[in-house]
Chemist: 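Pasting a structure here, questions to come.
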Amino acid sequence: MLPLYKIILCNILNPKSDKSCEFIKNGALVLKRSESGYKVLEIGKEKIILPKYASKRSIEVMDTLGKTCMPSFFDTHFHWVQDDVRLMPKKNLLQWLINYTWPYEAKFKDKSYSKDKAQKFAGELASVGTLGGACYASIHAHTASDALKYFVGDFVVGNVLMTMESPDYLTQTKKQAVALVKKQTEKFKEKYAVTPRFAPTTHPEVMKETAALARKNKSFIQTHLSETTNEIDYVLGLYSKIKGYEKVKTYTDIYKKAKVLGPKTIMGHGIYLSDDELTTLANTKTSIAHCPTSNAPVKQLGLGSGLFNFKKAEKFNIHWSLASDIGGGPFVSMFDVMQSFVAQNEKANVKGATYTKALYRSTIAGAKALKLDKTHGSLEKGKFANFILVNTPKDLSNKTEEALKQIISKNKSKRKNYDSMVEQTFYKGESIFQRH
Ligand code: GUN
Ligand code: FE
């Protein structure tokens, strides 16, 4: 029989907002079993919590004092079928897609290859503490089902739709794309994301029809928007010749006309947006997944796309969250993403890109994009006990932002090590990964 209570002794970092994160040194995280798994009951100082529960019978105490816990991560934009192209040569987005990404995604046609890869990637996600997010699969139906079957956590997944401007070996007919989305949205409902890859590869009538299916079945919608200037020129040139779209002025308006925008839509990137476009995104309550490691300069293993203006997005009241964009981004760990967000903005002299904000945007804000923030994303009472434990420097600061910096910036010059920062990962209070 599982214990009714679990108490984990550790430092606690509990994000609250862009500006605030609760920090308890030598704390205790109390979990209580429920029918749907362990939930957070309370957090506090070890010295106060332990005596309070001393008389309880069904209790397990885990002494991990010296380690630090924080909620597990949401990665709101990543391509699980791009695990092998993360470190391939990157010059710019369109060349990288054509030369590396698409040939790799084609391999997933093979069902046993997809199954093996999904199991491996599920292990990677658990090992970096990512237990939720919005994920792109390939055009092949089973790559979405495999991800939903093997990834531990709360993910929405979608098959990219590629009906035009795509290589022969990776092109669907319009009919095939719509039929696939109909089947998947009816089967997976709010776990599925209708995923036109981006406007250039998906006929507008396919976007429109499949977006309607998303609304009918309560599914999400995700796609790419304004990631690079080349891409914008390409998409506007292309759509200026498509019937009904000749007069559409902006990339965002293409999606608006195709009825893709809305409160359950997540746009990847959104780097180059006019005020009118930002207004449209705000009015439709569309959110943005910002992918700093993918957008970073080529020297930093990104695609060199540019820097997202988070201040402007916030000024327009657009909800945004952080994401890895694997394989555009080189590492699966959200610690690497947070570090890159802080460092790139610092370098550009943009104020306000703190570690506190980075943590909030990798946890609660991600949960919010997926409409899960009432039950996920932080260590509030009543939320699911989804969290990670990390090793902590002995001289950990008492100041929250400084402590976060000590933990997160630690591997900034050996980025590969970010993928092995997490010591233990818990989903609904049960350990699903432990480093040996
Ligand atoms: N735009 C269209 N497809 C992709 C993709 O796979 N990755 C990135 N980063 N951008 C895209
Ligand atoms: Fe992407």
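The basis for the numbers below is simple: all heavy atoms, side chains too, and nothing from hydrogens, waters or symmetry mates. For clarity, every value in this text was computed on a predicted model and none was experimentally measured. Indexing begins at 1, ligand by ligand and atom by atom, following the structure's order.
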Chemist: Going by the atom numbers of ligand 1, which of them fall below 4.0 Å from some non-hydrogen atom of L93?
Modeler: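 It comes down to these atoms of ligand 1: 8 (C), 9 (N), 10 (N), 11 (C).
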Chemist: So which of K182, K189, K183 actually passes side chain to side chain donor-acceptor pair (under 3.5 Å) with E186?
Modeler: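 Of the listed options, the one satisfying the test is K182.
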Chemist: Provide, to 0.1 Å, the distance between atom 6 (O) of ligand 1 and the closest protein heavy atom, together with that atom's residue and name.
Modeler: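 That would be R197 NH2, 2.6 Å.
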Chemist: Just let me know how W96 lines up against ligand 1, side chain, backbone, both or neither, with a heavy-atom cut-off below 4.0 Å.
Modeler: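 It is the side chain that touches ligand 1; the backbone stays farther off.
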Chemist: Measuring centre to centre across the rings, with the benzene-like ring taken for any Trp, is F121 within less than 6.0 Å of F151?
Modeler: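 Ring centroids of F121 and F151 are less than 6.0 Å from each other.
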Chemist: Are any of the side-chain heavy atoms of K16 and E22 separated by less than 4.5 Å?
Modeler: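 Yes - at least one pair of side-chain heavy atoms lies under 4.5 Å apart.
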Chemist: List the steps and the verdict of salt bridge (Lys or Arg N to Asp or Glu O under 4.0 Å) for K416 and D336.
Modeler: CA-CA 9 Å; K416 216 172 140 352; D336 183 58; over 6 Å; no
Chemist: With heavy-atom distances below 4.0 Å as the criterion, list the atoms of ligand 1 near L97.
Modeler: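 Matching atoms, with element in brackets: 2 (C), 3 (N), 4 (C), 5 (C), 6 (O).
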Chemist: May I ask you to list the protein N, O or S atoms found at less than 2.8 Å from the Fe ion (ligand 2)?
Modeler: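 The answer is H77 NE2, H79 NE2, H224 NE2, D325 OD1.
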Chemist: Can you tell me the protein heavy atom closest to atom 10 (N) of ligand 1 and the distance?
Modeler: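 For atom 10 (N) of ligand 1, the nearest protein heavy atom comes out as E227 OE1, 2.7 Å.
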Chemist: What part of V160 sits under 4.0 Å from ligand 1 if we count only heavy atoms: the side chain, the backbone, both or neither?
Modeler: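 Neither part.
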Chemist: Find the distance between CG (L379) and SG (C69) and round it off to the nearest 0.5 Å.
Modeler: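 These two atoms lie 5.5 Å from each other.
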Chemist: Is any N or O atom of Q82, backbone or side chain, closer than 3.5 Å to an N or O atom of ligand 1?
Modeler: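 Between Q82 and ligand 1 (N or O atoms, distance only) the closest approach is under 3.5 Å.
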Chemist: Should you measure from each heavy atom of D325, which atoms of ligand 1 turn up under 4.0 Å away?
Modeler: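 So the answer, numbered in order with elements, is 8 (C), 9 (N).
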Chemist: Answer with side chain, backbone, both or neither: which part of E231 has a heavy atom less than 4.0 angstrom from an atom of ligand 1?
Modeler: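 For E231, no heavy atom sits under 4.0 Å from ligand 1.
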Chemist: Check the orientation of W320 and F310. Use parallel for under 30°, tilted for 30 to 60°, and perpendicular for over 60°.
Modeler: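 It falls in the tilted class, 30° to 60°.
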Chemist: Anything under 30° is parallel, anything over 60° is perpendicular, the rest tilted; go ahead and classify Y136 against H224.
Modeler: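 Geometry flag for H224 against Y136: tilted rings.
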Chemist: Using every non-hydrogen atom in the two residues, find where A385 and V40 come nearest and quote the distance to one decimal.
Modeler: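 Taking A385 first and V40 second, the nearest heavy atoms are CA-CG2, 4.2 Å.
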Chemist: With a cut-off of 4.0 Å, which atoms of ligand 1 are near a heavy atom of H269?
Modeler: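 Those atoms are 9 (N).
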Chemist: Between the main-chain N or O of A358 and the side-chain N or O of S362, is there a donor-acceptor pair closer than 3.5 Å?
Modeler: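 Yes: the side chain of S362 pairs with the backbone of A358.
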Chemist: Taking all non-hydrogen atoms of both residues into account, name the closest pair between S397 and F23 and its distance.
Modeler: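 Where S397 meets F23 most closely, the heavy atoms are O-CE2, 3.3 Å.
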Chemist: State which residue, out of Q406, Q339, E402, E401, fulfils the side chain to side chain donor-acceptor pair (under 3.5 Å) condition with Y355.
Modeler: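 Considering Q406, Q339, E402, E401, a side chain to side chain donor-acceptor pair (under 3.5 Å) with Y355 is found only for Q339.
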Chemist: Can you sort out which atoms of ligand 1 are near H79, meaning under 4.0 Å from one of its heavy atoms?
Modeler: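 In order of number, 5 (C), 6 (O), 7 (N).
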